[in-house]
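What follows is one structure encoded as structure tokens, with my remarks underneath.
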There are 2 protein chains.
Amino acid sequence: MNTSVKKVALLNAAERLFYEHGFRGVGLKQIIREADVATMTLYNHFSSKEHLVEEVLKQREERYWSYLDALVQEEYETPFLFAVKAHGKWLEEESYQGDMFLRAIEDYAGTNNDIENIARSHKSRLLRYFQTLAKRIGEDNSNDLAHYFTLLLEGTTSMTTLMGAEKATEYSMAMAKKIVYSPS
Amino acid sequence: MNTSVKKVALLNAAERLFYEHGFRGVGLKQIIREADVATMTLYNHFSSKEHLVEEVLKQREERYWSYLDALVQEEYETPFLFAVKAHGKWLEEESYQGDMFLRAIEDYAGTNNDIENIARSHKSRLLRYFQTLAKRIGEDNSNDLAHYFTLLLEGTTSMTTLMGAEKATEYSMAMAKKIVYSPS
DNA sequence: CCTTATATAGAACGACCTTTATATCTTAAA
DNA sequence: TTTAAGATATAAAGGTCGTTCTATATAAGG
């Protein structure tokens, strides 16, 4: 048994609470209570709150890419549009209120470099993902295209906070089509 | 003298610090120190930290619209593109690291409705602004267009955190042109 | 059986937080 | 000159925070 059931409970409770109320808006006491775990159990698995934040971010990144990969590979014809749609589904199910990684960057910038770097690396991976897609298509301005879609997904996430994932995705899909089927 | 010099110092210090480290990442002690003010002076002007947050948001909203209005009216021909550019300038000068209103919504959702409502009303005002512009143009799908540009600005703000305002604005301007000059 | 890992409850620590209280000082208008 | 408002310094209350400590319990593996 590599990962204990208690550690999983802690990570899940922490991810949910951090996402709902922000990293600084949640105390360890609350996490411990909701994970139904003793104080020292937390400190046996994570050496500090900030290390817990790091692990939560890593877990969320993994979940995000698993979710996206699984969906995107269903449809291979128009990977760009499908990525937008898949991201929209992720927002609907798991990200109704902003982006945890962006918040981590903002909350810990200049305070905790480890946390900030983990969050930033997730974001650069998103850009790299679109760059790979764009090159495969063989566009001449593939780097620009990748940036457009990164910006589009970021915008959709923000809009989700304002009007829900369904409407946000509806608009971002329409924009995505304009971008894909538009002369460069 | 309607607003005292100390109150202004408090609001400015608070806005800067809240923006840099988040509402919960800054204590009143730090705000008081950097505003060079006594504790009771803060409580003479603001009845609590959360009320201070409200006033900071109101001040920032005013500054944002003053900034945008002043610039947009310089060029009246293509108001959409110019709004994107003006927003980019705002990002460059005052918003290098995410959006304060979005953070307020996320940090205080379910905790403080007053703060959340102030932040949300700023966002709905942004949408209304674009709706007005779109109607003036006389597009048939003016409501969609307004949403596209709201999403575009939100995306640009997020991208600024990731790669700076200059590059973010460069890409969002290119996207804006594709959207404006694209068949509906 | 013994060891080791994992878990438990509960108290306590010092630091920091927001807020209130008290008492003094400046200043400008009435 | 008196008065009232604004600002000051200092202290402390009351709470929460992250973290550590102690001491005990359980269960699986060698």
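To find a chain, count down the sequence lines: A is the first, B the second, and so on, and within it residues start at 1.
The ring pair (Phe, Tyr, Trp, His ring centres under 6.0 Å) with B:Tyr129 is formed by just one residue from the set B:Phe80, B:Trp65, B:Phe149; it is B:Trp65.
Residue A:His45 has no polar side-chain atom (N or O) positioned under 4.0 Å from OP1 or OP2 of C:dT6.
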Next on the checklist: If you apply the rule side chain to side chain donor-acceptor pair (under 3.5 Å), what do you find for A:Glu94 with A:Tyr67, and how did you get there?
Outcome noted: CA-CA 10 Å; A:Glu94 309 256 14; A:Tyr67 191 98; over 6 Å; no
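In this structure, B:His51 atom NE2 and C:dT19 atom C1' are separated by 14 Å, rounded to whole Å. Per the geometry, CZ belonging to A:Phe46 stands 13 Å off P belonging to C:dT6, to the nearest Å. Remark: P of C:dA5 and NZ of A:Lys7 are 15 Å apart, rounded to the nearest angstrom. The distance from atom CG of B:Asn112 to atom P of C:dT18 is 14 Å, rounded to the nearest whole Å. In this structure, B:Lys6 places its NZ atom 12 Å from P of C:dT27, rounding to the nearest Å. At whole-Å resolution of the value, NZ in B:Lys29 and P in C:dT19 are 16 Å apart. To the nearest angstrom, P of C:dG10 lies 14 Å from CD1 of A:Ile32.
For the pair A:Arg103 and A:Tyr19, the cation does not sit on the ring face, since its NZ or CZ is not both under 6.0 Å from the ring centre and inside 45° of the axis.
Both B:Met40 and B:Lys49 lie close to DNA chain C; mapped to their nearest nucleotides by heavy-atom distance, the more 5′-ward contact belongs to B:Lys49.
Residues B:Asn113 and B:Glu116 have side chains in contact (heavy-atom distance under 4.5 Å, counting atoms from C-beta outward). Considering only heavy atoms from C-beta on, B:Leu162 stays 4.5 Å or farther from A:Leu127 through its side chain. Looking at heavy atoms from C-beta onward, B:His87 lies in side-chain contact with B:Thr157 at the 4.5 angstrom threshold.
At a threshold of 4.0 angstrom between heavy atoms, the contacts of B:Thr39 include nucleobase atoms, whether or not backbone atoms are also involved.
Note that the first and last nucleotides of DNA chain D, 5' to 3', having any atom under 4.0 angstrom from a heavy atom of chain B are D:dA7 to D:dA9.
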